[in-house]
Engineer: 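Structure below; questions to follow.
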Amino acid sequence: MDEYKKSPTSPAIGPLEHAGTQVRMARRTSFSSAHLYSQPAFSEAQNRETFGRCFTPHGHGHNYVLEAFFDGPIQDAHGMLVNLIDIDQVLKAVVDPLDHQHLNFDIAYFKDKIPTTEIIAQYCFRELLARLNASFANVPISLCKVRLYELDDLFVEYSE
Amino acid sequence: MKVLFTRQYLIRALHHLENPALSAVENERLYGVCFRLHGHDYKVQVTIESEVDPATGLCKFRRELDAIVERELIQPFDGKNLNDTFRNTSGEALVNLFYDRLRPHVPQEIRLALAIQETRKNYFERLP
């Protein structure tokens with residue numbers, strides 16, 4: 001251990017506190033995308049009435065912030081629920097395809113869906129769950145929910 | 001009438017993550033930048049579920065909470081190295097360790113919950 005890290009009272013040796021205790025952890029990431037709200041079954045007037053400023057020919061953009069909440073026990077091997085370095089890789093794989101894209105036109109999932117904050121949250125949850133099951137098959141971690149912020153004052157929580 | 005009352009306290013403290021059974025290289029690989037001694041503005045959110053006093057409109061134990069958090073968390077840990085006291089200073093462990101320190105001083109009939117915003121990107125919550 002580096003000298004400056006040492007402390008006369010440091011309990012460096014001894015049992016790891018709360019190994020096995022269930023805990024919830026949230027990790028935040030972000031992406032910037034364009035979207036527009038339009039329901040093809042509606043008339044132009046109905047679309048304008050329903051979606052207001054979000055109904056435009058080209059759309060507009062947001063800096064979305066995604067928070068993923070995980071539940072599981074504190075691992076004896078490292079004292080954390082899961083290594084954040086590994087979680088970040090999974091989150092990056094989920095949001096990178098959305099980053100700097102137009103959701104309506106560039107992302108297959110939204111070809112027949114309106115990319116509202118609600119539906120994007122659903123997409124993120126499902127993508128994250130699939131990748132989590134593939135990458136963390138042997139880690140006792142579960143996806144509790146995602147929270148997607150469109151703006152500071154608007155967010156959606158989604159879970160299945 | 002019962003309400004959930006939450007207050008957020010700031011604890012500015014140092015810590016690092018390390019497994020003493022591993023070499024420095026292995027620790028670096030496991031914990032990344034967290035192996036280096038660093039600090040956070042821990043935002044500690046303490047919640048009580050408590051009865052509202054009809055005379056004052058304030059929930060019970062609201063005033064006492066500040067003094068207990070000051071004595072049990074802020075005085076011992078603000079400006080200190082958390083590794084002086086705990087072997088595991090991950091956010092996961094700290095939500096539980098901080099809760100353990102407060103629980104004996106809060107009346108049993110009042111439900112207590114605790115969460116920590118470690119950085120803008122990391123949040124931890126004790127599960128009941």
Side-chain angles (χ1 to χ4, degrees), chain A residues 1-30 63 65-89 91-92 95 139-142 144-147 149 152 157, chain B residues 13-39 43 45 76-77 80-101 103 113-128:
Chain A
M1 189 193 282
D2 295 329
E3 201 58 32
Y4 66 89
K5 288 183 181 173
K6 285 184 184 167
S7 160
T9 58
S10 178
I13 303 163
L16 199 67
E17 298 98 335
H18 280 288
T21 299
Q22 289 282 328
V23 69
R24 177 164 297 166
M25 186 266 288
R27 182 69 163 168
R28 179 182 284 210
T29 186
S30 62
N63 298 320
V65 172
L66 178 69
E67 290 176 350
F69 290 74
F70 306 95
D71 287 357
I74 295 177
Q75 298 287 310
D76 203 22
H78 46 59
M80 302 179 285
L81 166 60
V82 65
N83 200 323
L84 284 176
I85 298 167
D86 301 330
I87 280 291
D88 282 349
Q89 282 183 351
L91 286 172
K92 188 170 157 48
V95 301
V139 181
I141 179 176
S142 61
C144 161
K145 64 181 175 186
V146 297
R147 182 186 291 162
Y149 289 83
D152 285 345
E157 291 195 350
Chain B
L14 298 101
H15 87 141
H16 77 282
L17 299 181
E18 178 180 11
N19 182 341
L22 302 177
S23 71
V25 172
E26 288 169 322
N27 269 302
E28 185 100 53
R29 192 178 304 133
L30 177 61
Y31 293 114
V33 294
C34 298
F35 177 54
R36 306 203 287 260
L37 182 65
H38 61 277
K43 290 172 182 164
Q45 296 157 3
F77 301 123
K80 306 281 169 48
N81 186 339
L82 296 171
N83 296 91
D84 288 353
T85 307
F86 306 119
R87 154 108 152 72
N88 186 1
T89 60
S90 68
E92 290 93 326
L94 289 175
V95 279
N96 287 287
L97 292 164
F98 286 179
Y99 175 93
D100 292 345
R101 289 187 67 101
R103 184 68 265 188
L114 196 142
I116 296 177
Q117 191 83 46
E118 186 186 54
T119 68
R120 219 176 119 68
K121 288 171 77 174
N122 292 353
Y123 170 84
F124 302 93
E125 194 176 307
R126 182 188 175 273
L127 289 177

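So you know, we letter chains A, B, ... as the sequences are listed, proteins then strands, and number each from 1.
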Engineer: Out of A/Thr29, A/Asn83, A/Val23, A/Asp71, which one racks up the most heavy-atom pairs below 4.5 Å with chain B?
Structural biologist: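 Ranked by contacts with chain B, first place is A/Val23.
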Engineer: Name the option with the most non-hydrogen atom pairs under 4.5 Å to chain B; the candidates are A/Ala77, A/Ala26, A/Gly79.
Structural biologist: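 The candidate making the most pairs under 4.5 Å is A/Ala26.
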Engineer: I need the residue from B/Val95, B/Asp100, B/Leu14 with the largest number of non-hydrogen atom pairs under 4.5 Å to chain A.
Structural biologist: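 The candidate making the most pairs under 4.5 Å is B/Asp100.
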Engineer: Run B/Leu82 and B/Leu97 through side chain to side chain contact (heavy atoms under 4.5 Å, CB included) and show every step you take.
Structural biologist: CA-CA 11 Å; B/Leu82 296 171; B/Leu97 292 164; over 6 Å; no
Engineer: Is there a donor-acceptor pair under 3.5 Å between the side chain of A/Glu17 and the backbone N or O of B/Arg87?
Structural biologist: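 At least one qualifying donor-acceptor pair exists.
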Engineer: Is it true that a side-chain atom of A/Glu67 and a backbone atom of A/Arg147 form a donor plus acceptor pair closer than 3.5 Å?
Structural biologist: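 Judged by distance alone, no pair lies under 3.5 Å.
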Engineer: B/Thr89, B/Leu22, B/Asn27, B/Asn96: which one forms the most heavy-atom pairs within less than 4.5 Å of chain A?
Structural biologist: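 The option with the most such pairs is B/Asn96.
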Engineer: Looking at side-chain heavy atoms only, is the closest gap between A/Pro140 and A/Gln75 below 4.5 Å?
Structural biologist: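 Answer yes - side chains close enough.
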Engineer: Between A/Phe70 and chain B, with a heavy-atom cut-off of 4.5 Å, which part of the residue counts as in contact: side chain, backbone, both or neither?
Structural biologist: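 Contact with chain B is absent: no heavy atom of A/Phe70 under 4.5 Å.
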Engineer: Just by distance, do the side chain of B/Asn83 and the backbone of B/His16 share a donor-acceptor pair under 3.5 Å?
Structural biologist: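 A pair under 3.5 Å: yes.
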Engineer: If I measure from the heavy atoms of chain B, does A/Ile85 come under 4.5 Å with its side chain, its backbone, both, or neither?
Structural biologist: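 When you check distances to chain B, only side chain atoms of A/Ile85 fall under 4.5 Å.
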Engineer: Would you say A/Leu84 and A/Met25 make side-chain contact, with heavy atoms under 4.5 Å?
Structural biologist: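 A side-chain contact exists here, since the closest heavy-atom pair is under 4.5 Å.
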Engineer: Distance check, rounded to the nearest 0.5 Å: A/Arg28 atom CZ versus A/Tyr149 atom OH?
Structural biologist: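 Nearest 0.5 Å value for the CZ-OH distance: 6.0 Å.
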Engineer: Side chain, backbone, both or neither: which part of A/Leu16 has an atom under 4.5 Å from a heavy atom of chain B?
Structural biologist: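 When you check distances to chain B, atoms from both the backbone and side chain of A/Leu16 fall under 4.5 Å.
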Engineer: Do B/His38 and B/Val33 come close enough that some side-chain heavy atom pair is under 4.5 Å?
Structural biologist: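 B/His38 vs B/Val33: side chains apart.
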Engineer: Are any non-hydrogen side-chain atoms of B/Ser90 and A/His78 less than 4.5 angstrom apart?
Structural biologist: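 No - every pair of side-chain heavy atoms lies 4.5 Å or more apart.
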Engineer: Who in residues 119-128 of chain B is close to chain A, using a strict under-4.5 Å heavy-atom cut-off?
Structural biologist: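 Expected list: B/Arg120, B/Lys121, B/Asn122, B/Tyr123, B/Phe124, B/Glu125, B/Leu127.
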